[in-house]
Amino acid sequence: MNINMTRPSGTQAALAALQIASISMVIVVVNILIYRARHLFIQWHPEFVAQELPTISGAISVPRSGERFAVWMAVSAPLLVLGVAVILWFAWRDWRLAGQRGGLMPLLLVLVLLCQIAAACGMVILSQFRFPDHRDAHMAGSYLFFIAQALTVVLGGFISRKMARLAWRNGMVFAPANHRLRWRLMGIPVLLVLAYLALFIIKDFDFAGWDWSIHQAYVWTEPATLSSFLIYVGLFHLDAAALLRRYFSRSAT
(Lines give C-alpha, C1' and ligand atoms only; values in the text may rest on other atoms or scores of the structure.)
Protein backbone atom coordinates (compact mmCIF):
# COMPACT_ATOMS: atom_id res chain seq x y z
CA MET A 1 0.00 0.00 0.00
CA ASN A 2 1.21 3.50 -0.81
CA ILE A 3 1.58 5.25 2.55
CA ASN A 4 0.94 8.64 0.95
CA MET A 5 -2.58 7.48 0.07
CA THR A 6 -3.49 6.20 3.55
CA ARG A 7 -6.57 8.12 4.67
CA PRO A 8 -6.00 10.08 7.91
CA SER A 9 -8.65 10.20 10.61
CA GLY A 10 -11.18 12.98 10.85
CA THR A 11 -9.43 14.27 13.96
CA GLN A 12 -6.13 14.51 12.13
CA ALA A 13 -7.76 16.33 9.22
CA ALA A 14 -9.46 18.79 11.57
CA LEU A 15 -6.18 19.47 13.37
CA ALA A 16 -4.33 19.95 10.07
CA ALA A 17 -6.99 22.44 8.94
CA LEU A 18 -6.73 24.22 12.30
CA GLN A 19 -2.95 24.40 11.97
CA ILE A 20 -3.11 25.87 8.47
CA ALA A 21 -5.86 28.36 9.35
CA SER A 22 -4.31 29.64 12.59
CA ILE A 23 -0.73 29.96 11.40
CA SER A 24 -1.73 31.38 8.01
CA MET A 25 -3.77 34.07 9.71
CA VAL A 26 -0.82 34.99 11.91
CA ILE A 27 1.56 35.12 8.94
CA VAL A 28 -0.76 37.41 6.99
CA VAL A 29 -1.87 39.63 9.88
CA VAL A 30 1.53 40.16 11.50
CA ASN A 31 3.28 40.88 8.21
CA ILE A 32 0.60 43.40 7.27
CA LEU A 33 0.86 44.99 10.72
CA ILE A 34 4.62 45.48 10.79
CA TYR A 35 5.00 46.82 7.25
CA ARG A 36 1.83 48.91 7.38
CA ALA A 37 2.87 50.53 10.68
CA ARG A 38 6.19 51.62 9.17
CA HIS A 39 4.51 52.82 5.98
CA LEU A 40 2.00 54.95 7.90
CA PHE A 41 4.66 56.39 10.18
CA ILE A 42 6.71 57.43 7.15
CA GLN A 43 3.64 59.13 5.68
CA TRP A 44 2.73 60.92 8.91
CA HIS A 45 6.23 62.00 9.95
CA PRO A 46 8.24 63.06 6.89
CA GLU A 47 10.40 65.35 9.02
CA PHE A 48 11.51 62.39 11.15
CA VAL A 49 12.12 60.18 8.14
CA ALA A 50 14.36 62.85 6.65
CA GLN A 51 16.75 62.11 9.51
CA GLU A 52 16.31 58.35 9.93
CA LEU A 53 13.93 55.53 9.08
CA PRO A 54 11.68 54.25 11.89
CA THR A 55 12.04 50.89 13.58
CA ILE A 56 8.88 48.90 14.19
CA SER A 57 9.02 50.00 17.83
CA GLY A 58 9.15 53.62 16.71
CA ALA A 59 6.39 53.14 14.15
CA ILE A 60 3.90 51.71 16.64
CA SER A 61 4.58 54.49 19.14
CA VAL A 62 1.95 56.48 17.23
CA PRO A 63 -1.42 55.70 18.89
CA ARG A 64 -3.28 55.64 15.57
CA SER A 65 -1.38 52.57 14.44
CA GLY A 66 -0.05 51.30 17.76
CA GLU A 67 -3.45 50.60 19.29
CA ARG A 68 -4.63 48.56 16.32
CA PHE A 69 -1.27 46.78 16.31
CA ALA A 70 -1.76 45.83 19.97
CA VAL A 71 -5.25 44.43 19.39
CA TRP A 72 -4.22 42.20 16.52
CA MET A 73 -1.07 41.04 18.26
CA ALA A 74 -3.20 39.93 21.21
CA VAL A 75 -5.28 37.88 18.75
CA SER A 76 -2.32 36.52 16.77
CA ALA A 77 -0.15 35.42 19.70
CA PRO A 78 -2.45 32.64 21.01
CA LEU A 79 -3.26 31.53 17.47
CA LEU A 80 0.45 31.03 16.81
CA VAL A 81 0.80 28.95 19.99
CA LEU A 82 -2.23 26.90 18.96
CA GLY A 83 -0.84 26.17 15.50
CA VAL A 84 2.60 25.24 16.84
CA ALA A 85 0.99 22.99 19.47
CA VAL A 86 -0.75 21.05 16.68
CA ILE A 87 2.56 20.67 14.83
CA LEU A 88 4.21 19.36 17.98
CA TRP A 89 1.38 16.90 18.56
CA PHE A 90 1.84 15.54 15.03
CA ALA A 91 5.59 15.30 15.62
CA TRP A 92 5.07 13.39 18.88
CA ARG A 93 2.64 11.03 17.13
CA ASP A 94 5.13 10.37 14.30
CA TRP A 95 7.86 9.76 16.85
CA ARG A 96 5.77 7.12 18.60
CA LEU A 97 4.66 5.53 15.32
CA ALA A 98 8.33 5.09 14.44
CA GLY A 99 8.68 2.97 17.55
CA GLN A 100 10.74 5.54 19.44
CA ARG A 101 10.53 5.80 23.20
CA GLY A 102 12.23 8.22 25.52
CA GLY A 103 15.39 10.01 24.42
CA LEU A 104 15.66 13.77 24.01
CA MET A 105 12.71 14.16 21.65
CA PRO A 106 10.00 14.61 24.32
CA LEU A 107 12.15 17.24 26.03
CA LEU A 108 12.79 19.06 22.73
CA LEU A 109 9.09 19.12 21.91
CA VAL A 110 8.23 20.54 25.33
CA LEU A 111 11.00 23.13 25.03
CA VAL A 112 9.69 24.28 21.65
CA LEU A 113 6.21 24.71 23.07
CA LEU A 114 7.54 26.66 26.06
CA CYS A 115 9.64 28.87 23.78
CA GLN A 116 6.65 29.55 21.55
CA ILE A 117 4.51 30.47 24.57
CA ALA A 118 7.27 32.81 25.78
CA ALA A 119 7.53 34.38 22.31
CA ALA A 120 3.76 34.89 22.23
CA CYS A 121 3.94 36.62 25.62
CA GLY A 122 6.68 38.84 24.21
CA MET A 123 4.47 39.72 21.24
CA VAL A 124 1.69 40.86 23.53
CA ILE A 125 3.99 42.76 25.92
CA LEU A 126 5.83 44.70 23.20
CA SER A 127 2.57 45.67 21.53
CA GLN A 128 0.70 46.65 24.69
CA PHE A 129 3.60 48.63 26.18
CA ARG A 130 4.94 51.08 23.63
CA PHE A 131 7.24 54.06 23.31
CA PRO A 132 7.59 56.66 24.71
CA ASP A 133 5.80 55.99 28.02
CA HIS A 134 6.66 52.31 28.49
CA ARG A 135 10.13 51.96 27.01
CA ASP A 136 11.50 49.44 29.53
CA ALA A 137 8.49 47.12 29.35
CA HIS A 138 8.45 47.37 25.56
CA MET A 139 12.13 46.49 25.27
CA ALA A 140 11.68 43.56 27.68
CA GLY A 141 8.85 42.25 25.49
CA SER A 142 10.93 42.72 22.34
CA TYR A 143 13.91 40.83 23.77
CA LEU A 144 11.65 38.06 25.03
CA PHE A 145 9.99 37.69 21.64
CA PHE A 146 13.17 37.69 19.54
CA ILE A 147 15.10 35.32 21.77
CA ALA A 148 12.23 32.90 22.35
CA GLN A 149 11.11 32.86 18.70
CA ALA A 150 14.68 32.32 17.49
CA LEU A 151 15.00 29.38 19.90
CA THR A 152 11.67 28.01 18.63
CA VAL A 153 13.00 28.03 15.08
CA VAL A 154 16.41 26.55 15.95
CA LEU A 155 15.01 23.79 18.16
CA GLY A 156 12.34 23.08 15.55
CA GLY A 157 15.07 22.72 12.95
CA PHE A 158 16.96 20.22 15.08
CA ILE A 159 13.74 18.26 15.61
CA SER A 160 13.21 18.15 11.85
CA ARG A 161 16.78 16.96 11.33
CA LYS A 162 16.34 14.19 13.90
CA MET A 163 12.95 13.09 12.58
CA ALA A 164 14.13 13.04 8.98
CA ARG A 165 16.21 10.01 9.93
CA LEU A 166 13.23 7.98 11.14
CA ALA A 167 12.08 5.01 9.12
CA TRP A 168 8.88 5.96 7.31
CA ARG A 169 5.83 4.24 8.76
CA ASN A 170 2.21 3.96 7.74
CA GLY A 171 0.17 6.86 9.12
CA MET A 172 2.99 9.35 9.66
CA VAL A 173 2.21 13.00 8.95
CA PHE A 174 5.62 14.53 8.23
CA ALA A 175 7.50 13.51 5.09
CA PRO A 176 11.28 13.06 5.55
CA ALA A 177 11.92 15.27 2.51
CA ASN A 178 10.00 18.13 4.13
CA HIS A 179 11.93 17.65 7.36
CA ARG A 180 15.19 17.94 5.43
CA LEU A 181 13.93 21.05 3.63
CA ARG A 182 13.06 22.73 6.93
CA TRP A 183 16.45 21.83 8.38
CA ARG A 184 18.19 23.48 5.43
CA LEU A 185 15.98 26.57 5.36
CA MET A 186 16.41 27.10 9.10
CA GLY A 187 19.67 28.81 8.16
CA ILE A 188 17.82 31.79 6.68
CA PRO A 189 16.17 33.06 9.90
CA VAL A 190 19.31 32.17 11.84
CA LEU A 191 21.48 34.30 9.54
CA LEU A 192 18.97 37.15 9.72
CA VAL A 193 18.96 37.00 13.52
CA LEU A 194 22.76 37.13 13.60
CA ALA A 195 22.78 40.03 11.13
CA TYR A 196 20.12 41.87 13.15
CA LEU A 197 22.05 41.42 16.39
CA ALA A 198 25.28 42.61 14.76
CA LEU A 199 23.57 45.69 13.33
CA PHE A 200 21.84 46.36 16.66
CA ILE A 201 25.26 46.49 18.34
CA ILE A 202 27.19 48.49 15.76
CA LYS A 203 24.46 51.00 14.84
CA ASP A 204 25.38 53.21 17.80
CA PHE A 205 29.05 53.41 16.87
CA ASP A 206 30.41 56.23 14.75
CA PHE A 207 31.32 54.98 11.28
CA ALA A 208 32.20 57.99 9.18
CA GLY A 209 30.04 58.00 6.06
CA TRP A 210 28.35 54.68 6.88
CA ASP A 211 25.97 55.61 9.70
CA TRP A 212 22.94 56.10 7.43
CA SER A 213 23.55 52.87 5.51
CA ILE A 214 24.00 50.87 8.71
CA HIS A 215 20.81 52.31 10.17
CA GLN A 216 18.88 51.53 6.97
CA ALA A 217 20.17 47.94 7.01
CA TYR A 218 19.17 47.67 10.67
CA VAL A 219 15.59 48.90 10.25
CA TRP A 220 15.00 46.64 7.21
CA THR A 221 16.60 43.57 8.76
CA GLU A 222 14.19 43.81 11.69
CA PRO A 223 10.94 43.15 9.75
CA ALA A 224 12.75 40.68 7.46
CA THR A 225 13.73 38.66 10.53
CA LEU A 226 10.18 38.72 11.86
CA SER A 227 8.82 37.58 8.50
CA SER A 228 11.37 34.77 8.29
CA PHE A 229 10.30 33.45 11.71
CA LEU A 230 6.69 33.18 10.62
CA ILE A 231 7.39 31.83 7.15
CA TYR A 232 9.56 29.10 8.67
CA VAL A 233 6.66 27.97 10.86
CA GLY A 234 4.48 28.09 7.75
CA LEU A 235 6.71 25.47 6.08
CA PHE A 236 4.88 22.86 8.16
CA HIS A 237 1.85 23.56 5.97
CA LEU A 238 3.48 21.31 3.36
CA ASP A 239 2.67 18.26 5.45
CA ALA A 240 -0.68 19.52 6.75
CA ALA A 241 -1.86 20.22 3.19
CA ALA A 242 -0.71 16.74 2.07
CA LEU A 243 -2.64 15.22 4.97
CA LEU A 244 -5.81 17.03 3.92
CA ARG A 245 -5.35 15.90 0.32
CA ARG A 246 -5.14 12.29 1.49
CA TYR A 247 -8.22 12.74 3.66
CA PHE A 248 -10.35 14.02 0.78
CA SER A 249 -8.86 11.72 -1.88
CA ARG A 250 -11.29 9.20 -3.28
CA SER A 251 -8.50 6.70 -3.85
CA ALA A 252 -7.27 6.81 -0.23
CA THR A 253 -8.04 3.80 1.90
Quiz item: What pairs meet the ring pair (Phe, Tyr, Trp, His ring centres under 6.0 Å) rule with one or both residues in residues 172-194, with sequence neighbours excluded?
Solution: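 For residues 172-194, and leaving out neighbouring residues, the ring pair (Phe, Tyr, Trp, His ring centres under 6.0 Å) pairs sorted by first residue read F158-W183, F174-H179, F174-F236.
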Output yes when a side-chain donor or acceptor of [X] lies under 3.5 Å from a complementary backbone atom of [Y], and no otherwise.
| X | Y | answer |
| --- | --- | --- |
| R182 | L235 | yes |
| R93 | G171 | yes |
| S249 | R246 | no |
| S65 | A59 | yes |
| R161 | R180 | no |
| R130 | S61 | no |
| E222 | I56 | yes |

Write down the atom of [X], the atom of [Y], and the distance for their closest heavy-atom approach.
| X | Y | answer |
| --- | --- | --- |
| K162 | W95 | CE-CH2, 3.8 Å |
| Q116 | V81 | O-CG2, 3.8 Å |
| P106 | W92 | CG-CZ3, 3.6 Å |
| A241 | I20 | N-CD1, 3.8 Å |
| I125 | G141 | CG2-CA, 3.7 Å |
| A175 | W168 | CA-CZ3, 3.3 Å |

Is there a path of hydrophobic side-chain contacts, each under 4.5 Å between heavy atoms of I/L/V/M/F/W/Y residues, joining [Y] to [X]?
| X | Y | result |
| --- | --- | --- |
| V190 | F200 | yes |
| I117 | V86 | yes |
| V28 | Y35 | no |
| Y143 | V193 | yes |
| L197 | I202 | yes |

Self-check item: Derivation of the side-chain contact (heavy atoms from CB on, under 4.5 Å) call for V30 and M73
Solution: CA-CA 7 Å; V30 173; M73 279 292 187; 4.1 Å; yes
Can you confirm whether [X] sits close enough to [Y] that some side-chain heavy atom of one is under 4.5 Å from a side-chain heavy atom of the other?
| X | Y | answer |
| --- | --- | --- |
| H215 | W210 | no |
| C121 | L144 | yes |
| L80 | Q149 | yes |
| P176 | L166 | no |
| I147 | L151 | yes |

Approximate separation, where rounding is to 0.5 Å, of [X] [atom1] and [Y] [atom2]:
| X | Y | atom1 | atom2 | answer |
| --- | --- | --- | --- | --- |
| L191 | M186 | CG | CE | 9.5 Å |
| L109 | L155 | CG | CG | 10.0 Å |
| H237 | L244 | NE2 | CG | 10.5 Å |
| Q19 | I87 | CD | CD1 | 4.0 Å |
| M25 | I27 | CE | CD1 | 12.5 Å |
| I34 | L230 | CD1 | CG | 7.5 Å |

So for atom [atom1], which belongs to [X], do other residues, nucleotides or ligands contribute more than 12 heavy atoms lying within a distance under 6.0 Å?
| X | atom1 | answer |
| --- | --- | --- |
| L114 | CG | yes |
| W89 | CH2 | yes |
| Q51 | CD | no |

Quiz item: Would L40 and R36 satisfy side-chain contact (heavy atoms from CB on, under 4.5 Å), going step by step from the backbone distance to the final call?
Solution: CA-CA 6 Å; L40 291 176; R36 183 175 183 273; 3.3 Å; yes
Exercise. Assess the side chains of E52 and Q216: does a donor N or O sit below 3.5 Å from an acceptor N or O?
Key: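 Not at all, the side chains of E52 and Q216 share no donor-acceptor pair under 3.5 Å.
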Exercise. Could you verify whether a donor N or O on one side chain and an acceptor N or O on the other, from Y218 and T55, lie under 3.5 Å apart?
Key: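 Absent: no donor and acceptor within the cut-off.
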Quiz prompt | Result of checking W220, F229, F146 against Y196 for ring-ring contact (aromatic ring centres under 6.0 Å, His included) | solution =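 The residue from W220, F229, F146 that satisfies ring-ring contact (aromatic ring centres under 6.0 Å, His included) with Y196 turns out to be F146.
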Quiz item: Residues two or more places apart in sequence or in another chain: which of them pass side-chain hydrogen bond (donor to acceptor under 3.5 Å, both in side chains) with S228?
Solution: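 Expected list: none.
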Quiz item: When you look at Q128 and V124, which way does the side-chain contact (heavy atoms from CB on, under 4.5 Å) test go after all the steps?
Solution: CA-CA 6 Å; Q128 296 294 327; V124 174; 3.8 Å; yes
Quiz prompt | Worked verdict on F90 versus M172 for side-chain contact (heavy atoms from CB on, under 4.5 Å) | solution = CA-CA 8 Å; F90 281 140; M172 282 186 171; over 6 Å; no
Quiz prompt | Under the ring pair (Phe, Tyr, Trp, His ring centres under 6.0 Å) test, residues paired with F131 that sit two or more places apart | solution =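 Scan of F131 (ring pair (Phe, Tyr, Trp, His ring centres under 6.0 Å), adjacent residues dropped) gives H138.
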